[in-house]
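The structure under discussion appears below in the form of structure tokens.
Values reported hereafter were calculated over all heavy atoms of this structure, with side chains retained and with hydrogens, waters and symmetry mates removed. In what follows, every chain begins at residue 1, and chains take the letters A, B, ... in the order their sequences are listed.
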Amino acid sequence: MADPLVVLEGVTKSFGTEIVTQVLHGIDLAIQPAEFTALAGPSGSGKSTLLNLLGLLDRPTSGRILLAGRDTSGLSDDERSAVRGRSLGFVFQFHHLLPEFTALENVMMPMLAAKGREEKGMRERAFSLLDEIGLADRASYRATKLSGGQQQRVAVARALVLEPPLVLADEPTGNLDTESGAQVFELLRRVSAEHRTAFLVVTHDERIAARCDRILTMVDGRIRSDERNART
Amino acid sequence: MPFEVLVALRFLREGKIQTILILSGIGVGVAVIVFLSALIGGLQESLIERTLGTQAHIVVRAPEDLVRPVTQGSPGLAVAPRVERPAQRLRSIVGWPQTLELLLALPRVRAASPTVAGAAFALRGLANRSVALRGIEPSSFRRIIDMGPRMTAGEFRVDATNAVIGVELAADLGVSVGDKVRLETPAGRSEVFLVAGVFDVGNKDLNARWVFVSLRAAQTLLDLAGGISTIELKVAEIFDAERVAEEIVARTGLQADSWMKLNQQLLVGLRSQSASSWMIQFFVVVAVALGIASVLVVSVVQKSREIGILKAMGTRTVQVVRIFLVQGTVLGLAGSVFGSALGAGLSFFFASLAKNPDGSATFPVNLSPGLFLGATAIATFTGLLAAVAPAERAASLDPAEVIRYG
Ligand SMILES: Nc1ncnc2c1ncn2[C@@H]1O[C@H](COP(=O)(O)OP(=O)(O)O)[C@@H](O)[C@H]1O
Ligand SMILES: [Mg+2]
């Protein structure tokens, strides 16, 4: 088996200074390249907290997070931003896109932030991704003029634009109706296979979880079960 | 276009009403600065111009006669209880041609003219007026005070037989161009001159007292054969006059009075005027800065989701800071362009309100390109500075927090 993309070793997370609540209790976890993983569990079990740690949006209270074999705890905020831009993609449940920009510009945004200005080929690359998710005809629409499902698909394109090895998605279908939700999930599976991108998808939906390579279930800040799905 | 500028401009464009309001605020502030500077600058310039139109920048003369009092009593010598200033005689500057050359060689001196000045009486028939006799050398004096454009009749010609007098004196004596006038000095010498021209320098007193004759005629009348009493100077920068005068005193031992010393009241007035105008402008700048800062602080709160998303996508902290600094700078720049136009319009309108009889503005305004550049630079820099605190706030936003609570 290839080297894991991410490894968590004994990661804990507590919030608060006076009243300390421990949300994560010693998480050990490894995610393999191109693996499509569901993260399930009841509300409040610590899924989003874990995702934020994996995404370098937050720092663990103790334990180590290794990205591509490299310990991330010593990185400065700017280095973490750089790693985030290069190695990770995000799809959030709410407020997915920048409302001031068009669909195409939203997809371009991670490239612009990384390079500092528009360069040749960026527009074409963003457009081909929009085409891939079936929204080429909406390229010049303002983000706010798109439906919820369309916005979420644009967010997926944006997460993929820098070809990160891992995309983190926190309840990407949680805010959508069943049909658009299913559409977005299909898209995630397809691009994961086509781009050989690992996905970690937080979901409540058991039918969705059942269609992933691997299902992690969290309860009270611990990983209760870690199953591989035989079907895939 | 750099990424930060792109995002900054979109943020501003999206916050339409806020952007328009703050731009108006900055514009009004800049307009006040431009208008006030133009007005005060114009007023001061015309005041100085009017004062210096009839004055040399520096007048150099022989040092005053001094009394050396006995300060220490010695046997048989009484100490004077009071020292009386001696009556001043008209004295010539010793070796004046060399002095003139030396003064002209000073780097900041633009022109110098030897003159003879003294008291005299102008007589015609029974009329008799006390006047200030000014013996001049027309070719060099023209560069100290240009009388040509101030002539109301005749021409500015002084020689062995011609003299030039002011309108007030002409009326007092009942003479006009071509008439004869007798000039008599306290020393008892007298000479008859033809009035070659009549001038009006815009000052009733000077129009009644000044009588221009040739240098030689004045030397004869005032018993100063071959000598001159004063050298009048123009300097390149009018506010250098006092420093140049001090330098002349130090180098020649002569007495040198600058226009600044002779018009201290005016200068004090101008300085306090400038000071109050600076004060007003300072507070306007502070108000503009607070306005920009508060708009940007609100915008940081409103855009915290977007900032969180940008950070999650890999935008670095410096980039977030720059996005807000650019917004402040753009606001300052755009507001000052609008404000400059408004201030210029206001100035012209104000200048057109009141006119002198000769058609010039009663309140002259001085709109120089430098004024606009200065106001624009101040507003832009203010915008940049005002954006620092909001930018730091934006930079310190925790993306995890923002994304969790939206
Ligand atoms: N910043 C925080 N400060 C304090 N408590 C937090 C914070 N973030 C999360 N929590 C708590 O941690 C627990 C897990 O939250 P979360 O990771 O969002 O769960 P999930 O995503 O599984 O619903 C919750 O009880 C929540 O209240
Ligand atoms: Mg959650």
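The residue among Glu100(A), Arg80(A), Arg84(A) with the most heavy atom pairs within less than 4.5 Å of chain B is Glu100(A). Here Ala113(A) is the residue among Pro110(A), Ala82(A), Ala113(A), Gly89(A) with the most heavy-atom pairs under 4.5 Å with chain B. Heavy-atom pairs under 4.5 Å with chain B were tallied for Gly55(A), Gly116(A), Pro164(A); the largest tally goes to Gly116(A). The greatest number of non-hydrogen atom pairs below 4.5 Å with chain B, out of Ala159(A), Pro99(A), Ala114(A), is found for Pro99(A).
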### Message
Between Phe90(A) and Phe92(A), is the ring-ring contact (aromatic ring centres under 6.0 Å, His included) condition met? List the steps.
### Response
CA-CA 6 Å; Phe90(A) 292 89; Phe92(A) 310 108; 5.7 Å; yes
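Aromatic pair Phe199(A)/Phe185(A): centroids not less than 6.0 angstrom apart.
Heavy atoms of Glu306(B) lying under 4.5 Å from chain A belong to its backbone as well as its side chain. For Val5(B), no part sits under 4.5 Å from any heavy atom of chain A, backbone or side chain. Neither the backbone nor the side chain of Arg59(A) comes within contact range of chain B; no heavy atom of the residue lies under 4.5 Å from a heavy atom of that chain. Contacts of Asp78(A) with chain B are made by both backbone and side-chain atoms, with heavy-atom separations under 4.5 Å. Heavy atoms of Glu79(A) lying under 4.5 Å from chain B are absent altogether.
No donor-acceptor distance shorter than 3.5 angstrom exists from the side chain of Arg64(A) to the backbone of Leu8(A), with no hydrogens or angles considered. Looking only at distances, a side-chain donor or acceptor of Thr19(B) sits under 3.5 Å from a matching main-chain atom of Leu12(B). Using modelled atom types, no side-chain atom of Thr197(A) and backbone atom of Ala34(A) make a donor-acceptor pair closer than 3.5 Å.
Within 6.0 Å of CZ in Arg196(A) there are 12 or fewer heavy atoms belonging to other residues, nucleotides or ligands.
Figure legend: Lys115(A) and Phe3(B) shown without cation-pi pairing, the cationic atom not lying both under 6.0 angstrom from the six-membered ring centre and within 45 degrees of its axis.
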